[in-house]
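The structure appears below as structure tokens.
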Amino acid sequence: MQLDRLDEDLIALLVDDARRSYADLGTSVGLSASAVKRRVDRLRAGGAITGFTVRLDPGALGWSVEGYVELYCRISTAPATIRSAVAKFPEVVDASTVSGDADAVLRILAADMRHFEQVLEQIGAQPFVARTRSVLVLSPLLRRPAAPLPH
């Protein structure tokens, strides 16, 4: 989908606060509320905006441990099989197939170290998993949602 500068500005404003009204957005970009609504509807229909959500602080919700887990499969395993297996764990908040030695990387949130270890053991027990390798997050340095590419 082709984005112009106004589309990019609207997306940036919505990324910052998706609850802003069309009138408020319009004031910021110099459009009427109805023109903003038409643009947002077009951005949704075109797939640039896939939904509106809330960003949460995991620590405030009781998730005090965060880790990334490299998953190594015993044999060639379809991404759908990996996805199906890890989707059963609410602690797995992101999962991606990757290039390199690992087959997939998971981001796991847990209440404490014991909880993280239990989830890791359950994932490692999946029949297709040969081994895992984990790293724990000490301090998140930068977290931001995706935005349009700069020109």
Side-chain angles (χ1 to χ4, degrees), residues 1-73 77-113 115-116 118-120 122-123 126 128-129 132-151:
M1 154 167 228
Q2 191 70 19
L3 302 179
D4 65 21
R5 184 66 186 169
L6 282 174
D7 293 332
E8 293 170 358
D9 291 347
L10 286 171
I11 289 171
L13 291 166
L14 288 169
V15 165
D16 183 54
D17 181 1
R19 295 187 66 196
R20 293 177 79 158
S21 69
Y22 293 135
D24 183 44
L25 291 166
T27 299
S28 296
V29 298
L31 294 175
S32 68
S34 59
V36 169
K37 182 186 182 319
R38 283 192 301 274
R39 279 184 176 262
V40 171
D41 288 347
R42 182 178 53 78
L43 290 165
R44 290 186 76 190
I49 295 175
T50 59
F52 300 90
T53 189
V54 175
R55 287 189 301 258
L56 302 171
D57 176 359
L61 300 173
W63 301 105
S64 64
V65 174
E66 176 181 0
Y68 289 88
V69 176
E70 291 180 340
L71 195 66
Y72 297 84
C73 298
T77 304
T81 301
I82 297 170
R83 183 191 187 289
S84 177
V86 301
K88 297 173 187 169
F89 301 95
E91 298 87 352
V92 177
V93 296
D94 287 305
S96 300
T97 55
V98 295
S99 63
D101 293 335
D103 294 289
V105 172
L106 316 177
R107 179 174 165 237
I108 296 176
L109 298 177
D112 54 34
M113 284 304 298
H115 182 201
F116 183 85
Q118 289 169 339
V119 172
L120 190 58
Q122 292 172 14
I123 291 170
Q126 299 299 308
F128 60 86
V129 176
T132 61
R133 182 172 159 242
S134 306
V135 293
L136 296 174
V137 173
L138 301 177
S139 294
L141 299 176
L142 178 65
R143 300 253 165 110
R144 61 179 163 210
L149 291 171
H151 289 351

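Being a predicted model, the structure only gives us computed values, none of them experimental. All residue numbers in this chain count up from 1 along the given sequence.
Annotation: side chain of Glu70 is not in contact with side chain of Val135 (no heavy-atom distance under 4.5 Å). When side chains are defined from C-beta on, Trp63 counts as touching Glu91, because their heavy atoms get closer than 4.5 Å. No side-chain heavy atom of Thr77 sits under 4.5 Å from any side-chain heavy atom of Val129. Val93 is not listed as a side-chain neighbour of Glu66, based on a closest heavy-atom distance of 4.5 Å or more. Counting only heavy atoms from C-beta outward, the side chains of His115 and Asp112 approach each other to under 4.5 Å. When side chains are defined from C-beta on, Ile123 does not count as touching Val69, because their heavy atoms never get closer than 4.5 Å.
Of all non-hydrogen atoms in Leu13 and Arg20, the two that sit nearest each other are CD2-NH1, 2.9 Å. The minimum heavy-atom distance linking Phe116 with Gly67 is given by the pair CE1-CA, 3.8 Å. Nearest heavy atoms, Leu120 versus Ser134: CD2-OG, 3.3 Å.
Taking OG1 from Thr132 and CD from Gln126, the interatomic distance works out to 11.5 Å, rounded to the nearest 0.5 Å. From Leu31, atom CG reaches atom OH of Tyr22 across 13.0 Å, with rounding to the nearest 0.5 Å. Rounding to the nearest 0.5 Å places CG of Asp24 at 8.0 Å from CG of Asp17. Here the CG atom belonging to Leu106 is positioned 9.5 Å from the CZ atom belonging to Phe89, to the nearest 0.5 angstrom. With rounding to the nearest 0.5 angstrom, the OG atom of Ser96 is 12.0 Å from the CG atom of Leu71. Remark: Ser64 OG to Met113 CE distance equals 9.5 Å, nearest 0.5 Å.
For Asp103 (side chain) and Cys73 (main-chain N/O), a donor-acceptor pair under 3.5 Å exists by modelled atom type. In terms of modelled atom types and a separation under 3.5 Å, the side chain of Thr97 and the main chain of Ala104 share no donor-acceptor contact. Under the 3.5 Å distance criterion, the side-chain polar atoms of Asp7 are matched with a main-chain donor or acceptor of Asp4.
Surrounding CG of Leu138 are at most 12 heavy atoms belonging to other residues, nucleotides or ligands under 6.0 Å away. For CZ of Arg133, the number of neighbouring non-hydrogen atoms (other residues, nucleotides, ligands) closer than 6.0 Å is 12 at most. In this structure, Asp101 places its CG atom where only 12 or fewer heavy-atom neighbours from other residues, nucleotides or ligands lie under 6.0 Å away.
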Practice prompt. Apply the test side chain to side chain contact (heavy atoms under 4.5 Å, CB included) to residues Arg55 and Val15: give CA-CA distance (whole Å), side-chain angles for both, the deciding distance (0.1 Å), then the verdict.
Written response: CA-CA 10 Å; Arg55 287 189 301 258; Val15 165; 4.2 Å; yes
Fill in: Trace of the side chain to side chain contact (heavy atoms under 4.5 Å, CB included) decision for Leu109 with Leu61
CA-CA 10 Å; Leu109 298 177; Leu61 300 173; over 6 Å; no
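Checked against Asp41 for a side-chain hydrogen bond (donor to acceptor under 3.5 Å, both in side chains), the options Arg44, Lys37, Arg38 give a single hit: Lys37.
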